[in-house]
Amino acid sequence: MLTKTKTRLFLGILIFLLAQFSFSQVRTVKDLDTNWKFQKINQEKAFEVNFDDSKWETVTVPHDWAIYGPFDKEIDKQEVAIVQNGERIPSEKTGRTGSLPHIGTAWYRKKFNITSEEKEKKVLLLFEGAMSEPEVFLNGEKVGEWAYGYSYFYFDVTAFITEGENTLAVKLSNKEFASRWYPGAGLYRKVRVIVKNKESIDQWGTFITTPFISTKEAQINIKTKITGENLTLVTTVFDTDGNQVSSNKTTTIFGEEFEQNLKVNNPKLWSPETPYLYTATTQLFFENQLKDEVSTRFGIRDINYDAQTGFSLNGEVRKFKGVCLHHDLGPLGTAVNKSALRRQLTILKDMGCNAIRSSHNMPSIEQLELCDEMGFMFLAESFDEWAIPKVANGYNRFFEDYAEKDIVNLVHATRNHPSIVMWSSGNEVPDQWGAEGVKRAKWLQELFHREDSTRPVTVGMDQVQATMESGFGALLDVPGLNYRLHLYEEAYEKFPQGFILGSETASTVSSRGIYKFPVEKASMKQYDDFQSSSYDLEYCSWSNVPDDDFVLQDDKPWVIGEFVWTGFDYLGEPTPYDEMWPSRSSYFGINDLAGLPKDRFYLYRSRWNTNDETLHILPHWNWKGREGEITPIFVYTSYDSAELFVNGKSMGVQTKNNETPQNRYRLMWMDVKYEPGTIKVVAFDKQGNKAAEKEIHTAGKPYEIVLNPDRKILKADGKDLSYVEVSVVDKNGISCPTSTNQLKFKVTGAGIYRAACNGDATSLEQFHLPTMKLFSGKLVVLVQATTKTGTIELDVTGEGLKGTSVKIQAKK
Ligand code: GAL
């Protein structure tokens, strides 16, 4: 028998638990991820509830329908002059959008349940991106449409929802000539159903800023848009460990917006080195009854741009050591995957990179979350086109009707991410010419300001002369120059801002592990194998090598940083082989399409990563047939000087000097003659003492496969990835840098084989098939967790090679 006290205690606990339960029930957010039906079909009836989709493919969203290929030259073949590249005469181009089958119409259908209780509430359907021109139907009726494939958007579907099973159908249409790179295809980002009370916090209704910061205290300003009357708002701020650090309750509302100011003592500031995050939990009450609850992560940080000091974060002047990224994830296509994004950022962090530009469109929410957590500043871009086309079916078709809506949604959906320190309204828009363009630039900038007064706006400008004359450049908060190094000085003099951003730099081209002779600087250089040299001296007619940017970054305090084109290779835009099939992906990356570092990675690392030493030798030393021929050796290092030895013989000491930009940032032995054996480099510190050394060796015949997973423990969530680097070594364990063996992959246990990629821009092998050739001795296999825990085993074999396997654990 229970005593009275025990009964009371029991009831108390029960009420508490029920209260918790109803607390968590005020709002439900469901990801619509599994069990979608998909078909690439132009079927006008596919929106109907009873439409028979049983024969359609079952897919998981995020999904990219085009990444499975096959690559086909005809898909994006066009006769065109790429005006942005300075071309006047049209010629046949292939591979420009990756030559993957992304063009056409497709349907996605998904059934989901709504309870009787939920039916009485407010229901939103949220898309974090849909490629492209989505038309959304619920239970046989059209609920809305959007245009731009990169926009976040939502519809209030309360009026369309039924109790029990609901049928969602989404039609997507991708036109040809709509993009300058691989745009992907499909529901490639999250789709969510949000169920909340009629009295609730609006979607993206929270806006957190930190207008005052001192070491002692920070002011947290929170504006909250709501629907409903006679409501009370309670906001509580928690630190990373979940301790409550501030709280505020208010009933004072202006229109439909509450405004609160909370004080946080001894604030921990957000920066790339200290990405400290707080959480604000906002609760909406009607007469003590909880109606809604939203948690928002934010950072306390101060950004400032001014003519005297340039850019500063939390009072400290610093430069952007940034990279531009397109949104595709190489072998995964555009289907967003947080694990793949985290790997990219881990690689960039090691390089010393501190900033990302989402070229030339809205980033995924996942990428922003990771940048907040891992410490990257973010330049969030919106458009590659305004009203004047770059490609026939580009954003110009939507600009007039959608530009404002797209900017509003971009700002509202992402403004609480501390990583975002700048907006960009456009990239190399042809509207840089003419008075209309000046007006558009002003209009767009004012839209950003209207929605967010805390961050400046830039445009990546390539028509610098025109923008100096027209006033276009002068009106921008941050004048961004794409390339055009010869105009930096003049632009600095003419523009009123007092600083210049290298919004896009370098566009140096190279293929991982490929070296060409003679070693010389060259523009738009082409070779018979459609590869570019990793001596990092090849660039485009409009661009330059990295060292040229470094000079300006180092010597001009008014240059506030750079965003290198690009951090990783991406699908499409295979310059300088735009006219050469089968080139189908870019050569611009600091890392290749598989995420493997090219030599350039170490050049940037030697400058940007100021915590760790860099000592990297190139090229590889397997040059059968080049015996006795000049084979220059470069060393990318954080040290100022080093001595080089070939088979024990000194080639002399090289010291960085100011003779040329290359001499300033690289150590180069230009006269070395190839002989097989050992290359050794000994680096010296500032006092001339030996500080580090490194060797590379000529390899013998490929003998054995070696596997090196970046992660040995995965989360059994059906999404997590291990990137297993696959290489071959000779009998002595020396890497074979030129091998091209065809390998086969098999994954067993609690995981699946997801894809492979070797970084070869000319490879037509499909990523999802379990076989691929090595490129320059390497490739990467992506192993994906299922929802089962246990051991995953990857087995790699190749003819004439000793095969091997690796075990990875999938855990809850
Ligand atoms: C820039 C452009 C990028 C890319 C790059 C290649 O002009 O903004 O999108 O095309 O050139 O060098």
Side-chain angles (χ1 to χ4, degrees), residues 76 78 80-87 93 95-98 150 177-184 322-328 356-363 379-386 388-391 394-395 424-433 458-467 479-487 501-511 522-526 532 536 538-546 548-549 562-579 583-590 593 600 761:
D76 49 12
Q78 54 178 314
V80 68
I82 304 179
V83 182
Q84 296 80 51
N85 295 359
E87 294 177 6
K93 303 283 181 333
R96 200 175 178 199
T97 54
Y150 298 101
F177 315 136
S179 181
R180 298 190 301 113
W181 56 87
Y182 176 66
V323 299
C324 302
L325 292 179
H326 267 314
H327 70 310
D328 80 64
I356 309 289
R357 170 183 182 227
S358 63
S359 46
H360 304 296
N361 39 257
M362 294 77 179
L379 199 184
E381 194 151 81
S382 43
F383 309 125
D384 191 48
E385 272 183 24
W386 294 347
I388 305 176
K390 283 181 181 175
V391 285
Y395 190 73
S424 164
S425 67
N427 172 64
E428 299 187 356
V429 289
D431 314 55
Q432 285 166 104
W433 284 289
T458 191
V459 171
M461 297 181 287
D462 62 333
Q463 301 308 319
V464 182
Q465 286 291 8
T467 59
L481 263 59
N482 284 10
Y483 315 98
R484 312 298 183 278
L485 298 184
H486 60 288
L487 293 174
L501 170 69
S503 41
E504 202 174 301
T505 62
S507 270
T508 299
V509 289
S510 62
S511 307
S523 166
M524 301 307 269
K525 182 85 181 166
Q526 297 182 335
S532 296
D536 298 326
E538 294 172 7
Y539 48 99
C540 306
S541 52
W542 56 90
S543 70
N544 52 270
V545 294
D548 298 339
D549 294 311
E562 65 168 319
F563 287 86
V564 180
W565 191 264
T566 46
F568 292 83
D569 276 334
Y570 51 94
L571 292 160
E573 204 175 26
T575 316
Y577 298 107
D578 299 306
E579 291 157 16
S583 291
R584 49 65 170 159
S585 56
S586 80
Y587 299 77
F588 296 116
I590 292 171
L593 197 70
R600 249 186 302 149

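When a ligand or atom number is given, it counts from 1 through the structure's own listing order.
The closest approach between any non-hydrogen atom of Phe588 and ligand 1 is below 4.0 Å. Gln84 does not count as a contact of ligand 1, since none of its heavy atoms falls under 4.0 Å from the ligand.
Here's the thing with His326: none of its N/O atoms is less than 3.5 angstrom from an N/O atom of ligand 1.
Residue Trp565 has at least one heavy-atom neighbour below 4.0 Å for each of these atoms of ligand 1: 3 (C), 4 (C), 5 (C), 6 (C), 9 (O). In summary, the atoms of ligand 1 found under 4.0 Å from a heavy atom of His360, numbered by their order in the structure, are 3 (C), 8 (O), 9 (O).
For Phe568, there are no ring pair (Phe, Tyr, Trp, His ring centres under 6.0 Å) partners, not counting sequence neighbours.
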Self-check item: Derivation and outcome, salt bridge (charged side-chain N to carboxylate O under 4.0 Å, His left out), residues Lys93 and Glu573
Solution: CA-CA 10 Å; Lys93 303 283 181 333; Glu573 204 175 26; over 6 Å; no

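Within the 4.0 Å heavy-atom criterion, neither part of Asp384 lies near ligand 1. Residue contacts with ligand 1, taken as heavy atom pairs separated by less than 4.0 Å, involve Trp542 solely via side-chain atoms from C-beta onward.
Between the side chains of Tyr483 and Ser507, at least one donor N or O sits under 3.5 Å from an acceptor N or O.
For atom 12 (O) of ligand 1, the nearest non-hydrogen atom of the protein is Ser507 OG, 2.6 Å.
With respect to Tyr570, the ring pair (Phe, Tyr, Trp, His ring centres under 6.0 Å) criterion is satisfied by exactly one of Trp181, Tyr182, Trp565: Trp565.
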